[in-house]
There are 2 protein chains.
Amino acid sequence: MPTYSDNGPDPSEQDTNLPPPEQHARQYAAVRDAHETELIEDYVELIGDLLDHAGEARATDIAARMGVRQATVARMIRRLNDQGLVTNEPYRSIFLTERGRTMAEESRKRHGVVLQFLRSLGVDDATARIDAEGMEHHVSETTLGIMHEFTRRQNNGGD
Amino acid sequence: MPTYSDNGPDPSEQDTNLPPPEQHARQYAAVRDAHETELIEDYVELIGDLLDHAGEARATDIAARMGVRQATVARMIRRLNDQGLVTNEPYRSIFLTERGRTMAEESRKRHGVVLQFLRSLGVDDATARIDAEGMEHHVSETTLGIMHEFTRRQNNGGD
DNA sequence: TGCACAGTTTAGCCTTGGCTAAAAAAGTTT
DNA sequence: AAACTTTTTTAGCCAAGGCTAAACTGTGCA
Ligand SMILES: [Mn+2]
Ligand SMILES: [Mn+2]
Ligand SMILES: [Mn+2]
Ligand SMILES: [Mn+2]
């Protein structure tokens, strides 16, 4: 007796049928939500990394690493400031607030889990870095935990 | 003698150091590129699914499943038409062009690989569907191939 | 047949996140 | 100190993708 007998539709049909409209809509809504916070997170994470590795986070460096113009960075910095994530004085380095540091730390951790998971799957480093940069914002806590555990096992088994 | 001796930086430093600025910038650029085509692909894929499963793709149904207003859908349909992906006459169902069908098919395949990969990792169905909807657009061909192979092995081993 | 209602389209608003050009401030060199 | 260069900021343009409100079309039912 299969264990899925009273557990929803036959798995063999699970791929060919569409989910009910409301569930389907929630999928896309989750993606839109992720996209709203995505760029903010990447900026905060990058600023944290620059502070750690270079000692300061200048607009020029942020622009170079983001691959955008300084004007774009300047306006984003203002937004981060408005949201209480960074402090900045004109013509000076940018610093993270307590909230900013928390967000940077969480993003860094999440990014690392996804990146190492991809590496442990056998994806080459450059590709893994590109994929992780986008995927990280669309991975639920559930999936993140599973990825982390997978990586841990992979690394232990490889000793 | 470790095999990575002449193969770039010591792996133990690979996570703590930032990539060179140009490579870093390319990461973010890849994400921005993905976001440009992402919504188009989801619309085309959804229209294809509706045509297959419901026989026609009406704006109302698209709006309900996307979780957006009909006005939003109407304008998107015009864009898809401009790009030669759909044909549509006023107040009638939407159909895919040859190009549209190709895109729908590719998206459907890619979406399926990511979804089944997540399931085979042990992620529950509802969560897997949400994560796949976002992740699918940020998975390189390389990673997609590895995911596919992983899923295949997992399923064969489970027999 | 005519009318009401559901579906569709259009017009116009807003925010986000790119961009360029130009002004202003800071830093460096002579 | 003055001049030059780099960095930062500001102003304003554009496209994408949400939204509401209102006009329009088509369909089904009285
Ligand atoms: Mn990212
Ligand atoms: Mn999809
Ligand atoms: Mn998607
Ligand atoms: Mn995305």
Side-chain angles (χ1 to χ4, degrees), chain A residues 21 24-47 50 54-83 85-95 133-134 137, chain B residues 21 24-47 50 54-83 85-95 133-134 137:
Chain A
H24 209 164
R26 274 194 296 274
Q27 281 176 213
Y28 295 116
V31 175
R32 288 193 296 269
D33 283 353
H35 285 170
E36 263 188 35
T37 48
E38 180 166 334
L39 195 57
I40 300 271
E41 283 170 15
D42 281 340
Y43 267 88
V44 168
E45 187 186 347
L46 175 57
I47 290 167
L50 285 172
E56 56 176 9
R58 312 299 303 242
T60 314
D61 299 326
I62 297 173
R65 287 193 177 267
M66 276 288 166
V68 299
R69 296 297 178 174
Q70 290 198 12
T72 302
V73 171
R75 197 185 31 185
M76 189 58 66
I77 299 303
R78 182 201 296 276
R79 268 186 71 202
L80 297 179
N81 189 310
D82 289 349
Q83 299 195 15
L85 294 165
V86 307
T87 61
N88 65 308
E89 291 153 80
Y91 299 96
R92 286 281 173 284
S93 171
I94 293 121
F95 295 97
E133 193 61 71
H137 310 281
Chain B
H24 208 163
R26 273 194 296 274
Q27 281 177 215
Y28 294 116
V31 175
R32 288 192 296 268
D33 283 353
H35 285 171
E36 262 188 36
T37 48
E38 181 166 333
L39 194 56
I40 300 271
E41 284 170 15
D42 280 341
Y43 267 89
V44 169
E45 186 187 349
L46 175 57
I47 290 167
L50 285 172
E56 57 177 7
R58 312 299 302 243
T60 314
D61 299 327
I62 297 173
R65 287 192 177 267
M66 276 286 167
V68 299
R69 296 296 179 174
Q70 291 198 11
T72 302
V73 171
R75 197 185 31 186
M76 188 60 64
I77 299 303
R78 181 203 296 276
R79 270 186 69 199
L80 297 179
N81 189 311
D82 289 349
Q83 300 195 15
L85 294 165
V86 307
T87 60
N88 65 307
E89 292 155 78
Y91 300 95
R92 286 280 173 287
S93 171
I94 294 123
F95 295 97
E133 193 60 73
H137 310 280

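What's counted below: heavy atoms across the whole structure, side chains too, no hydrogens, waters or symmetry copies. Here is how names work: the chains are called A, B, and so on, in the same order as the sequence lines, proteins then strands, and each is numbered from 1. Since the model is a prediction, treat every value here as computed from it, not as a measurement.
- Comparing D:dT8, C:dG18, C:dT10 against the side chain of B:Ala74 picks out C:dT10 as the nearest.
- Distances shorter than 4.0 Å separate some side-chain N or O of A:Thr72 from OP1 or OP2 on C:dC19.
- Regarding contacts with the backbone of D:dT8, a side-chain N or O of A:Arg58 is found under 4.0 angstrom from either OP1 or OP2.
- A:Asn88 is not listed as a side-chain neighbour of A:Arg92, based on a closest heavy-atom distance of 4.5 Å or more.
- The distance between atom CD of A:Gln70 and atom C1' of C:dA25, rounded to the nearest whole Å, is 13 Å.
- In this structure, the side chains of B:Tyr28 and A:Leu46 come closer than 4.5 Å at one or more pairs of heavy atoms.
- One can place CZ of A:Arg78 at 15 Å from C1' of C:dT15, the figure rounded to the nearest angstrom.
- A donor-acceptor contact under 3.5 Å is not formed by the side chain of B:Arg92 with the base of D:dG26.
- In terms of position along DNA chain D, the nucleotide closest to A:Ala59 lies nearer the 5' end than the nucleotide closest to the other residue of the pair A:Ala59 and B:His35.
- When the P atom of C:dT15 is taken as reference, atom CG of A:Leu39 falls 18 Å away, rounded to whole Å.
- C:dG7 atom P lies 9 Å from atom CG of B:Asp61, rounded to whole Å.
- Taking for each of B:Ile40 and A:Ile77 the nucleotide of DNA chain D with the nearest heavy atom, the 5'-most of the two is the partner of A:Ile77.
- Screening B:Asn81, B:Val86, B:Thr87 against B:Ile94 for a side-chain contact (heavy atoms from CB on, under 4.5 Å) leaves a single residue, B:Val86.
- For A:Ala71, whose side chain is taken as the heavy atoms from C-beta onward, the closest listed nucleotide among D:dG18, C:dG18, D:dT10 is D:dT10.
- Just one residue in the list B:Thr37, B:Asp33, B:Val31 forms a side-chain contact (heavy atoms from CB on, under 4.5 Å) with B:His35, and that residue is B:Val31.
- At D:dT8, one or more side-chain N or O atoms of A:Thr60 fall inside 4.0 Å of OP1 or OP2 (strictly under the cut-off).
- The CG-C1' distance, from A:Asp82 to C:dT16, rounds to 14 Å in whole Å.
- One interatomic measurement links the two molecules: CG of B:Asp33 to C1' of C:dG18, which rounds to 12 Å at whole-angstrom precision.
- Considering only heavy atoms from C-beta on, A:Thr72 stays 4.5 Å or farther from A:Met66 through its side chain.
- Between A:Leu80 atom CG and C:dT16 atom P the separation is 12 Å, expressed in whole Å.
- In this structure, A:Arg32 reaches the sugar-phosphate backbone alone: every heavy-atom distance under 4.0 Å involves primed, P, OP1 or OP2 atoms, never a base.
- C:dT15 atom P lies 21 Å from atom CD of A:Glu38, rounded to whole Å.
- Ranking D:dT7, C:dG18, D:dG18 by closeness to the A:Tyr43 side chain, first place goes to C:dG18.
- In this model, the phosphate group of D:dT20 is approached by a side-chain N or O of B:Arg69 to a distance below 4.0 Å at OP1 or OP2.
- Residue whose closest nucleotide on DNA chain C sits further toward the 5' end, between A:Tyr91 and A:Arg75: A:Arg75.
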